[in-house]
Amino acid sequence: MSSPLPLLQIAETDESAESSFHELNFNDSECDGRSSPSGPSLASKPHKGNDLKWEAIQCVKRQDKEVGLGHFRLLKKLGSGDIGSVYLSELRGMGCLFAMKVMDKGMLETRKKTVRAQTEREILGILDHPFLPTLYSHFETEKFSCLLMEFCSGGDLHTLRQKQPGRHFSEQAARFYASEVLLALEYLHMMGVVYRDLKPENVLVREDGHIMLSDFDLSLQCSVSPTLVLSNTNASCRAYCIEPSCIVGPSFELPVCVEPPCLQPTCFKPGFLWPKEPKPKNQRARTPTELRPQLVAEPTSARSMSFVGTHEYLAPEIIRGDGHGSSVDWWTLGIFLFELIYGRTPFKGNGNRETLLNVVGQSLKFPSEGFTVSFAAKDLMRGLLMKDPQKRLGFKRGATEIKQHSFFDNINWALIRSMSPPEVPSPLVGLECPVQTVKPSLPTNVIGGSDSDRSSGPYLEFEFF
Ligand SMILES: Nc1ncnc2c1ncn2[C@@H]1O[C@H](COP(=O)(O)OP(=O)(O)OP(=O)(O)O)[C@@H](O)[C@H]1O
C-alpha cells in the first residue's frame, strides 16, 4: 500500500485523563441505574435491563452527555475486517470489557464502503437477542466511526473447529451451534434482515459458550409488513407468513473478489424477480380445526440482486444472478452444518471459479469414509442445500419448517439458553497487551473523542489497518 497508514493514538495508563472526568460509579446518584431504570434508550432494548455493561454506558451518557473514545482504554486488537478493525476495550473506571469496531471514515469514503458501514450500524442498532450482538453505543471522532459491541472471549467457530479432533465437530456439538444460529437467523428475518454472510468465522463464542453472530455489513435490510398468508403445500402444517412489503438492496457492488468475466457468462444471466407465492384460494372455506397456524414473520419473498458473500457459502441463485431472498440464509446454514460436521465445505473447488461452478452444477455428496453421521443430519443438509430456492427447506415457512426437522428433535427451543454448550472458553486471565508499536508521544486529551486533542501521559501508538 502506498498511502500512509492512519495512526490511532491510545492512552496506556492515562491517569490524568482519567481524573479529568467523573469516576464512573454506580453509587453516584446520577449513575444509579435503579433510580432511572427505564430511560428512553433502555426502552429500545428491553432485554438489556439486567445488563451491567448496558447500564454502565447509560451512566456515562447521563454524566458526560455522550460516549467518546476517551472513555475507553483499547487493550488489544482482536482482528481486522474489510471495513475496520476490532479492539478489546475497557470502559475506564468500570472495568467492563467491550469489542470496539473502529472504522476510518476517510477510508470508508475512498473505498465507497460508507453505505456498508451504515447498514451494519443500522442493523446492529435494532438487535436485541441473546445470540446477536448488542450495540452499546456508536460514536464518531474526527477520523473514526466507532461501534461499541459485546466482547466474545471464545473466539470464532472456525478457529474452534481447527482445535477439534479431526478438525471437525461431533454431530451433537454441530447441532448445538446450528440450533443457536437458526434462532438468530429467525430473529433477523423477523426484523427484516437477510444475513447473507453465515460462515464459522462470523459465529463468535461468548464467555458462557453460547454463540453470537457477528458482521452485518453484507446484510440486506428490507421492510416486513404483516400480511397474513396461508401456506397451502403441506396440509398437516399450514402457516401464516408475514411477508415484506418491498424489495430493498443496499448496493450493487461486488464485495467479494468475484469478477464476473472470469466465470462463464451463462452463470450471470440477467436476474429477475421470482413470482410471489400464490395465496391460497379457498382460505375462507377452511374450518378452524383444519388449521394449525404457525407464525412465520420472516421476509420469505424479499429479493436483492446484489452479489455478496463468501465463495464456498454463496447460494446458487446469487451466483446465477437470479435475485435472492431470505432462503440464501438457509442455504448457508446447510453449508455451515456440513463444514462443522465434515471439516470442509461441500462444493470447494480448485480456485474460486471452480467453487462457484460446483455450487451451481455439482450434486451434493457426503464423504463416505471416516465419519459417522446420522440420516437426519444428512437429510437436513439435503433439504437446506436444494439448488432451487423454492424447493429448499425453509422457503415456505422460514425457520419454523427447519426447527421441525427430526435433526432437531431433542432441542427444546424455548430453553436453548439453558443447554450446556459443547465448550466453554476458559476465563480471561491477565490480558497481555499486544498492541504493536509502543511509542511515548505527546499526551492526548481523548475526552470527547477528538483525534487531535492532547493531554498528558504515556501513550501507545499503533498502525491502524
Ligand atoms: N464482538 C466481538 N468480540 C470478539 N471478537 C470480535 C468481535 N467482533 C469482531 N471480532 C473479531 O474481530 C475480527 C474483525 O471483525 P469484523 O467484523 O470487523 O470483520 P470480519 O468478520 O473479518 O468481516 P468483514 O471483512 O466482512 O468486515 C473478527 O474476525 C473477530 O475475530
Side-chain angles (χ1 to χ4, degrees), residues 8 51 53-54 57 72 74-91 96-105 107-108 111-125 127 129-138 144-163 181 184 193-220 250-251 253-258 306-314 332 336 425-428 431 434-435 464-465:
L8 176 68
D51 182 347
K53 290 195 285 285
W54 180 265
I57 294 297
F72 300 91
L74 306 187
L75 304 174
K76 174 181 174 174
K77 188 170 182 171
L78 295 168
S80 286
D82 192 37
I83 60 169
S85 295
V86 179
Y87 297 90
L88 175 61
S89 315
E90 182 194 10
L91 180 60
C96 308
L97 294 177
F98 295 91
M100 189 191 292
K101 183 160 180 169
V102 186
M103 292 158 282
D104 183 304
K105 294 197 280 192
M107 178 281 291
L108 292 177
R111 294 180 53 210
K112 300 194 177 7
K113 305 281 183 186
T114 310
V115 175
R116 278 178 66 178
Q118 196 180 332
T119 302
E120 179 164 46
R121 175 152 59 90
E122 280 172 17
I123 292 173
L124 285 171
L127 304 181
H129 188 276
F131 304 142
L132 292 167
T134 299
L135 179 65
Y136 287 94
S137 189
H138 160 252
F144 301 112
S145 174
C146 305
L147 299 175
L148 195 64
M149 298 171 291
E150 228 167 321
F151 165 59
C152 289
S153 60
D156 62 70
L157 277 194
H158 177 72
T159 312
L160 195 57
R161 179 179 69 71
Q162 312 285 337
K163 295 177 186 162
V181 166
V193 175
V194 184
Y195 181 50
R196 303 203 294 189
D197 201 17
L198 177 62
K199 53 184 174 182
E201 291 87 333
N202 283 345
V203 180
L204 305 181
V205 180
R206 294 171 191 275
E207 60 176 356
D208 63 3
H210 291 269
I211 65 110
M212 183 184 104
L213 276 194
S214 71
D215 208 358
F216 293 85
D217 56 343
L218 295 188
S219 300
L220 165 74
S251 67
E253 60 182 2
L254 300 176
V256 289
C257 302
V258 178
S306 307
F307 194 96
V308 300
T310 303
H311 296 87
E312 290 167 59
Y313 275 77
L314 280 176
T332 56
F336 173 78
S426 26
L428 279 180
L431 283 163
V435 175
F464 193 49
F465 298 114

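As the structure lists them, so they are numbered: ligands from 1, and atoms in each ligand from 1. As the structure is a prediction and not an experimental result, all values here were calculated from the model.
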Asks: Identify the heavy atoms of Ala99 and Glu150 that sit nearest to each other, and give their distance.
Replies: CB-O, 3.6 Å

Asks: Parallel, tilted or perpendicular: which fits the ring planes of Phe216 and Tyr195, with parallel below 30° and perpendicular above 60°?
Replies: tilted

Asks: For Thr332, give me all partners under side-chain contact (heavy atoms from CB on, under 4.5 Å), at least two apart in sequence or on another chain.
Replies: Leu198, Tyr313, Asp329

Asks: Taking side-chain contact (heavy atoms from CB on, under 4.5 Å) as the test, write out the residues that go with Gln118, two or more places apart.
Replies: Arg121, Glu122

Asks: Near ligand 1, which residues have a heavy atom under 4.0 Å away from one of its atoms?
Replies: Leu78, Gly79, Ser80, Gly81, Asp82, Gly84, Val86, Ala99, Lys101, Glu150, Phe151, Cys152, Asn202, Leu204, Met212, Asp215, Asp217

Asks: So how far is it from Met149 CE to Phe98 CZ, rounded to the nearest 0.5 Å?
Replies: 11.5 Å

Asks: How would you list, by chain and number, every residue that makes a side-chain contact (heavy atoms from CB on, under 4.5 Å) with Val205, sequence neighbours excluded?
Replies: Leu157, Leu160, Pro425

